[in-house]
Amino acid sequence: MVQRKETKWELMGWIFTVAVGTLLHFTYDWSGGNAVVAAFSAVNESTWEHMKLLAVPWIVWSAVEIVALRNADAPTPAARAVGLLAALTAVPVLFYTYTGVVGRHFLWADIAVFLLAAAAGTAVSRYLLKVGRPAGVLWQIAGGLVLLGVGGLFLWWTYDPPLLPLFQEAVAA
């Protein structure tokens, strides 16, 4: 059962993800296009790069939370990994659904998609912590590997993106 401590860490994680993700939207431009900064910042206006704005702070916070809750008997790595996958799924689903319906994108709606996706991922992670699942050492190792793997894909595909629509910049309306 989730304790107040885990709930507090999850809420702080959502705040961290939203705040840092918002800043990362601008850091690449602020750096003058620095290749190192590109690894964790949005380098263009593609949906993938906006997903990176959620993934990078989520993964960083997950590492902090895993260390902080290591003695809490909570399935933190697996819960955070599943939450990340839920959040990353929510971004393109919400974005392409609303832009498909209205025919264009709006800044306020893009921001809402980011906030809602982060909230959905946090809710999933918090729920899994609450029910204590998935439990077991192998699940926690798998969760840690998912977090590292997702981070690795964002790093790799920043510099060598696949030729898919998800990686192409959104067309200005």
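Keep in mind it's a predicted model, so treat the numbers as computed, not measured.
Rounded to the nearest 0.5 angstrom, Thr47 OG1 and Asp110 CG are separated by 8.5 Å. A distance of 9.5 Å separates OG1 of Thr122 from CD1 of Ile15, quoted to the nearest 0.5 Å. With values rounded to the nearest 0.5 angstrom, Arg126 atom CZ is found 10.0 Å from Leu11 atom CG. Atom CG in Leu147 sits 10.5 Å away from atom OG1 in Thr76 (nearest 0.5 Å). Between Leu153 atom CG and Lys52 atom NZ the span is 12.0 Å, to the nearest 0.5 Å.
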Derivation and outcome, side chain to side chain contact (heavy atoms under 4.5 Å, CB included), residues Thr99 and Arg104: CA-CA 5 Å; Thr99 57; Arg104 60 176 286 206; over 6 Å; no
Stepwise side chain to side chain contact (heavy atoms under 4.5 Å, CB included) check, Gln168 with Leu163: CA-CA 8 Å; Gln168 297 170 358; Leu163 297 174; 5.7 Å; no
Side chain to side chain contact (heavy atoms under 4.5 Å, CB included) between Leu166 and Tyr96, worked out: CA-CA 10 Å; Leu166 184 69; Tyr96 290 123; 4.0 Å; yes
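Shown here for Thr158 and Ala39, the closest heavy-atom pair between the two residues is OG1-O, 4.3 Å. When all heavy atoms are compared, the tightest approach of Pro134 to Pro75 is O-CB, 3.2 Å. Closest approach of Val43 and Ala38 over heavy atoms only: CG1-CB, 3.4 Å. Closest heavy-atom contact between Leu54 and Ala118: CD1-N, 3.7 Å.
Sorted by first and then second residue, the salt bridge (charged side-chain N to carboxylate O under 4.0 Å, His left out) pairs with a member in residues 137-152 form an empty list; sequence neighbours excluded. Applying the side chain to side chain donor-acceptor pair (under 3.5 Å) rule to pairs touching residues 111-121 yields nothing, sequence neighbours excluded. The salt bridge (charged side-chain N to carboxylate O under 4.0 Å, His left out) contacts involving residues 53-66 comprise Glu65-Arg80, where partners must be two or more places apart or lie in separate chains. Residue pairs that meet the side chain to side chain donor-acceptor pair (under 3.5 Å) test with at least one member in residues 134-149, sequence neighbours left out, do not exist here. Sorted by first and then second residue, the side chain to side chain donor-acceptor pair (under 3.5 Å) pairs with a member in residues 11-26 read His25-Glu45, His25-His50; sequence neighbours excluded. Applying the salt bridge (charged side-chain N to carboxylate O under 4.0 Å, His left out) rule to pairs touching residues 81-98 yields nothing, sequence neighbours excluded.
Heavy-atom contacts from other residues, nucleotides or ligands closer than 6.0 Å to CH2 of Trp30 number more than 12. Around the CG atom of Leu138, the shell of radius 6.0 Å holds no more than 12 heavy atoms that belong to other residues, nucleotides or ligands.
For Trp48, the ring-ring contact (aromatic ring centres under 6.0 Å, His included) partners are Phe154, Trp157, Phe167, not counting sequence neighbours. Every ring-ring contact (aromatic ring centres under 6.0 Å, His included) that Trp61 has, sequence neighbours left out, goes to Trp9, Phe16. Shown here are the side chain to side chain contact (heavy atoms under 4.5 Å, CB included) partners of Ala90, two or more places apart in sequence or in another chain: Leu94, Ala117. Applying the side chain to side chain contact (heavy atoms under 4.5 Å, CB included) rule to Leu24 yields the partners Val20, Thr27, Phe40, Ser41, Leu53, Val56, Pro57; only residues at least two apart in sequence or on another chain are considered. Take Tyr98 and apply the ring-ring contact (aromatic ring centres under 6.0 Å, His included) test, not counting sequence neighbours, and it matches Phe95. When the side-chain hydrogen bond (donor to acceptor under 3.5 Å, both in side chains) test is applied to Ser46, the partners found at least two apart in sequence or on another chain are Asn44.
Hydrophobic clustering keeps Phe26 apart from Val18 (ILVMFWY residues linked when any side-chain heavy atoms are closer than 4.5 Å, directly or through intermediates). In the hydrophobic clustering of this structure, Ile111 does not group with Val93; members are Ile, Leu, Val, Met, Phe, Trp, Tyr whose side-chain heavy atoms approach within less than 4.5 Å, directly or through other members. Both Trp156 and Val60 belong to a single network of hydrophobic side chains, linked directly or stepwise wherever heavy atoms of I, L, V, M, F, W or Y lie under 4.5 Å apart. Cluster annotation: Leu85 is not connected to Val124 through the hydrophobic network of ILVMFWY side chains, with a link wherever side-chain heavy atoms come within less than 4.5 Å. Put simply, Val101 and Val113 are part of the same group of oily side chains (I, L, V, M, F, W, Y) that touch within less than 4.5 Å, one to the next.
Tyr28 is not listed as a side-chain neighbour of Asn34, based on a closest heavy-atom distance of 4.5 Å or more. Under the 4.5 Å side-chain criterion, counting only non-hydrogen atoms from C-beta, Leu84 is not in contact with Ser62.
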